2 protein chains.
Amino acid sequence: MIALIDRLRDRGWRLTAQRRVIAETLTGDHVHLTADEVLARSRAALPEVSRATVYSTLNELVGIGELLEITHPDGRKRYDPNVAERHHHLLCVECGQMLDVRADDPQLPADQRHGFEVLDVEVTFRARCPECATGA
Amino acid sequence: MIALIDRLRDRGWRLTAQRRVIAETLTGDHVHLTADEVLARSRAALPEVSRATVYSTLNELVGIGELLEITHPDGRKRYDPNVAERHHHLLCVECGQMLDVRADDPQLPADQRHGFEVLDVEVTFRARCPECATGA
DNA sequence: GTCCCTGCAAACGTTTTGCACACAG
DNA sequence: CTGTGTGCAAAACGTTTGCAGGGAC
């Protein structure tokens, strides 16, 4: 699996220090960061990163399909670098943490299609994580 | 199927003109309105409805389980009065319209549970509606 | 009469935008 | 050198809140 940063280089992406740091922040499994979290982590590596640059970079990466935008129930968008393998999400409804999971896609019965052409399915398993279960 | 307004009366809900109009707006199948749409439609019936009242009423109804809050990919919350039957959603990714659909719940394989206790599953079929397909 | 709902407007958190400057190619 | 990425600050957007007044029960 080629890292995001390398795929961007291959695309001839204009590589600045800020964009490199942001891309490096968005690496790993089960990474579902908010824009603010990306900003904070990027600044830890390079203080000269602005909020505007984070947002414009995130939107650009989503646009070219190198990043998935997740609509989290808390209302804030999250960014998921795992574009290589189709996956679904396991969400802890108490603390909000998310994990990537594999599961079979559900099918939409023909009599429920309303003439729509189905392109894709998004599945979110709402759950309680071990830590939150212990606390409760 | 008892209408929202009647269920609220049965609960001893304090019934004002504004709340009645808002509840009546949230009636029907395949209704997935934003707060602003609820405001606009409520004002069409009764101009003396404020944004704050709409938001507080929506949040109260969600809290007591008489309304579902949907996280739409456009970032705005939607409100779905169909709490009687579990259902999933069919979304047109071009125009954003949503329909309620019935489909079997997918299962999360045991080796993907990460120790979580699964409570519920949310499924969204991403699709293109007939009108958008014609236009394309 | 009491308590809760109401409207208004201001505050809030997140995301977007306008602009002049700086730097990668 | 040129085009595009950058920071800053302000604006835009959806949502929430504080407060004084009014209406349901």
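Since the model is a prediction, treat every value here as computed from it, not as a measurement. Chain naming here is simple, since letters A, B, ... match the order of the sequence lines and numbering starts at 1 in each.
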For DNA chain D, which residues in residues 41-50 of chain A have a heavy atom at a distance below 4.0 Å?
-> A:Glu48, A:Val49, A:Ser50
Please state how far atom CZ in B:Arg20 lies from atom P in C:dT6, giving the value in whole angstrom units.
-> 12 Å
If only atom types and distance count, is the side chain of A:Arg11 paired as donor or acceptor with the main-chain N or O of A:Ile64 below 3.5 Å?
-> yes
Treat primed atoms plus P, OP1 and OP2 as sugar-phosphate and everything else as base, then score nucleotides 13-25 of chain D 5' to 3': B for base contact with protein heavy atoms under 4.0 Å, S for sugar-phosphate contact only, - for none.
-> -SBBB-----BBS
Any A:Gln18 side-chain nitrogen or oxygen under 4.0 Å from OP1 or OP2 of C:dC23 | no
C:dC4 C1' sits how many Å from B:Leu8 CG, rounded?
-> 16 Å
side-chain contact (heavy atoms from CB on, under 4.5 Å) partners for B:Arg9, two or more places apart = B:Ile5, B:Asp6, B:Leu15
Transitive ILVMFWY cluster of A:Val118 at side-chain heavy atoms under 4.5 Å: who else is in it?
-> A:Leu90, A:Leu99, A:Val101, A:Leu108, A:Phe116, A:Val121, A:Val123, A:Phe125, B:Leu90, B:Leu99, B:Val101, B:Leu108, B:Phe116, B:Val118, B:Val121, B:Val123, B:Phe125
Separation of D:dT6 atom P from A:Glu60 atom CD, nearest Å, is 9 Å
Residue pairs, two or more places apart or on separate chains, that pass ring-ring contact (aromatic ring centres under 6.0 Å, His included) and touch residues 59-113 of chain B | B:His32-B:His89, B:His87-B:His89
Could you state the atom-to-atom distance from CG of B:Asp74 to C1' of C:dT16 in whole Å?
-> 16 Å
How would you list, by chain and number, every residue that makes a side-chain contact (heavy atoms from CB on, under 4.5 Å) with B:Thr16, sequence neighbours excluded?
-> B:Gln18, B:Arg19
Please collect all salt bridge (charged side-chain N to carboxylate O under 4.0 Å, His left out) contacts where either partner lies in residues 97-114 of chain A, sequence neighbours excluded, each pair once.
-> A:Arg86-A:Asp105
Sequence neighbours left out, what passes side-chain contact (heavy atoms from CB on, under 4.5 Å) with A:Ser56? Give chain and number order.
-> none
What pairs meet the salt bridge (charged side-chain N to carboxylate O under 4.0 Å, His left out) rule with one or both residues in residues 33-48 of chain B, with sequence neighbours excluded?
-> B:Asp36-B:Arg51
Please round to 10 degrees the angle between the axis of the first five pairs and the axis of the last five pairs in the helix from C:dG1-D:dC25 to C:dG25-D:dC1.
-> 40°
For residues 33-64 of chain A, the ring-ring contact (aromatic ring centres under 6.0 Å, His included) pairs (sequence neighbours left out) are none
Check side chain to side chain donor-acceptor pair (under 3.5 Å) between B:Thr53 and all other residues, then give those that pass, not counting sequence neighbours.
-> B:Ser50
Is any side-chain N or O of B:Thr53 closer than 4.0 Å to OP1 or OP2 of C:dG7?
-> yes
Do A:Glu69 and A:Arg78 meet the salt-bridge criterion of a basic N to acidic O distance under 4.0 Å?
-> no
Rounded off to whole Å, could you give me the NE2-to-C1' distance for the A:His72 and C:dT14 pair?
-> 15 Å
